[in-house]
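Only one structure is covered here, and it is reproduced in the block below.
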Amino acid sequence: MKATKAFINGEIVTVDTGFSVCEAVAIYENRILSVGTSKEILSLADGNTEMIDLEGRSLLPGFIDAHAHLELYGTNKLGVNGKDVKNIKELQEKLMEAANTTLAGNWIRGWGYNQNNLAEGRHPTRWDLDKVSTEHPIIVVRTCGHISCVNSKALELAGIDATTEDPVGGKYVRESGELTGLLLEAAHMNLVLFANYSEKEILKGLELASQDFLEKGITSVHDAGGYGPDHIRYLQKAVQSKNVKQRVYTLYGSLHDSPGMVEKGVGSGIMTGLGNDWFKVGPAKVFIDGSSSGPTAKTREPYTSNPNESGILYLDQNELNHRLGKAHELGWQITAHAIGDEAVEMMIEAIQTALEHHPRTNHRHRIEHSGMTPPDLIQKIRELEIIPIPNPAFLYEFGDGYIKDYGERIHTMFPLKSFIDNEIIFALGSDSPITTVNPLHGIQTAVDRLSKSGQLVGDTQNVAVHEAIKAYTWSGAYASFEEDIKGSVEVGKLADFVVLNESILNCDPSRLKDIQVEMTILDGNIEVSYLTKEDVK
Ligand SMILES: [Zn+2]
C-alpha cells in the first residue's frame with residue numbers, strides 16, 4: 001500500500017505512551033499508515049503521493065479542545081465586541097453604532113466586558129444602556145458568560161420588574177429596591193435564552209467558530225453547550241453539513257436549566273457514545289456553581305476580597321445526586337461545571353454516591369474546570385478515577401483577579417502539577433469564548449502560569465511543555481473514550497494533525513503562544529495551509 005500523503009524531515013511529536021519524537025509520517029486516505037524516519041516513509045511514496053517537507057517544523061496530533069462553546073463563540077462574533085473597551089462610554093458608543101443599523105424593537109447584543117478593566121471599575125447599569133436606546137432591547141454579557149447587564153426595554157419585554165422574585169441559582173441585582181439591570185447566573189441565563197439568536201444566525205455563528213478553531217489547529221471539540229435542546233440539534237446539523245468541520249463530542253446539557261435538560265436527555269433513552277467519529281453524544285452535564293472571575297464560584301471559605309460572599313449554587317447536593325445518579329445508572333458518562341472548592345467537592349460526592357449504588361469501571365466521569373481543587377479533593381479524584389477538565393488560560397485572563405479574590409487559595413487553582421503527581425488524567429480546554437481559543441496559549445499558561453500583568457499565579461503548579469501537549473491531545477481523546485482512534489500519531493489512527501511553524505519542543509517557553517499554525521489536517525485532508533508551494537509537492 002502506497003501513501004496518499006507523506007510528511008518528512010519534521011519533528012513528529014507522536015504523543016504515544018513513551019512520548020517519542022520521530023521524523024516522518026505517512027497516511028493512507030484518512031488513516032496513519034506508518035511513522036518513522038524520513039527514509040522509511042519515503043519508501044512508501046510513489047508518483048501519486050503528496051509530499052510535504054516539514055523542514056524541521058513540528059507535527060502534532062490535532063489539538064482536542066476538551067471544553068469550548070462553539071455556538072457562543074460564533075454568535076459573539078455576530079454581536080458587539082466589548083472585550084477591549086476601556087470605559088462605559090466606549091461601550092455605549094459601540095452599542096450605539098449597532099443600534100443605528102438595527103430596526104427598533106430588535107435586540108442589540110454585546111459581549112466581553114470585564115468591569116475590572118473598565119475605568120469606572122463597575123458593571124454597566126440599565127441606565128447606562130438606556131442612554132444607548134430605549135427602543136431596542138439591549139443585553140451585554142460579561143466576559144465570564146455568567147453575568148449580564150440589560151436595559152429597561154429588555155426587562156420590560158421579559159416581564160421583569162422590581163416585584164419579580166430572584167430565580168433559583170440567580171439574582172436580579174437591586175439598589176434600594178430598584179433593578180439595576182445586572183443579572184447574575186440563572187437570571188442571566190434565562191434572559192440570554194429569551195434574547196437568543198435565530199437558527200439561521202446560530203448556524204452562521206457555528207460556521208465562523210469552526211473556521212477560527214481550524215486555523216488554531218483544533219481538529220476535535222468537546223462542545224460544552226449552548227442554550228436549550230435546540231443547541232444540540234443545530235450543532236448536529238452544522239457538523240453534518242460540514243459547516244462545522246471538527247469532530248464534536250457534545251456535552252449534553254444547557255446553560256439554561258441544565259438539570260431539566262439532563263432529565264429530558266436521560267429520559268429519551270439515548271446515552272453517551274451515540275453517534276460516530278464526527279458527532280457523538282458526550283456526558284450529561286449540569287451546572288453546580290458560578291464563575292471564577294465574577295466571582296460567583298461556590299467556595300468553602302468566603303472570598304478573600306469579600307468576607308460576606310462565597311458564591312452561588314444552582315442546585316443542592318440532593319438534586320445533584322439525583323439527576324446525575326440517574327444518568328450514571330443508565331450508562332451515561334457524567335460531568336458538571338464546578339469551579340469553587342465547595343462545588344468540586346459536591347461533584348465528587350455525587351460521583352462517589354452514584355458509584356456506590358451502581359458500581360462501574362472505566363466510567364471516565366469528568367469535572368468541567370475543577371477550578372479550586374485542594375489536596376483532600378485531589379486524593380478523592382485520584383481514588384475515584386475522575387477526569388478533571390481544567391482551563392489554564394484562565395490563569396492568564398483572570399489570574400490578577402484570582403489573587404485578590406482567593407488569596408493563598410491560588411495554589412489550588414487548576415493544580416495541574418498535583419494532578420500529574422497523583423497520576424490523574426486531565427484534559428485541557430479553552431472554555432472559549434471565555435478565553436482565547438488558541439491551544440498554544442493554553443499550553444504556555446499551563447507551563448508559566450503568568451497572569452496578564454505578569455504575576456505568577458500559584459508557583460507550585462507549573463507543568464512541562466510535553467505534559468501540556470499531552471493534555472491538549474491524547475487526554476482529550478481519553479476523556480471522550482476515543483483514544484483508540486485519535487489523540488496521538490500512531491499507525492491506524494485517524495490522520496488529524498497540526499503543523500506548526502517551528503519546533504514546539506525547542507521553543508523558548510515564554511514564546512509558545514507566538515508559535516503559528518501552518519497547517520491543519522483533518523481526516524487526511526489539508527483544511528488550512530500557510531505553507532508555500534515548494535514545501536508541498
Ligand atoms: Zn464552559
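On a predicted model such as this, the values are computed, not experimentally measured, just so you know. We count ligands from 1, going down the list as the structure has it; atoms in each ligand are counted the same way.
- The six-membered or imidazole ring of Y113 lies near that of H123, with a centre-to-centre distance under 6.0 Å.
- Taking backbone and side-chain atoms together, H67 has an N/O/S atom less than 2.8 Å away from the Zn ion (ligand 1).
- At a cut-off of 2.8 Å, H69 is counted among the residues with an N, O or S atom near the Zn ion (ligand 1).
- If you run side chain to side chain donor-acceptor pair (under 3.5 Å) between E368 and each of H67, H222, K285, H337, only H67 comes through.
- Distances from the Zn ion (ligand 1) to the N/O/S atoms of D431 are shortest for OD1.
- In this model, no donor atom of one side chain and acceptor atom of the other lie less than 3.5 Å apart for E383 and Q379.
- Between the side chains of S453 and D400, a donor-acceptor pair is found at a separation under 3.5 Å.
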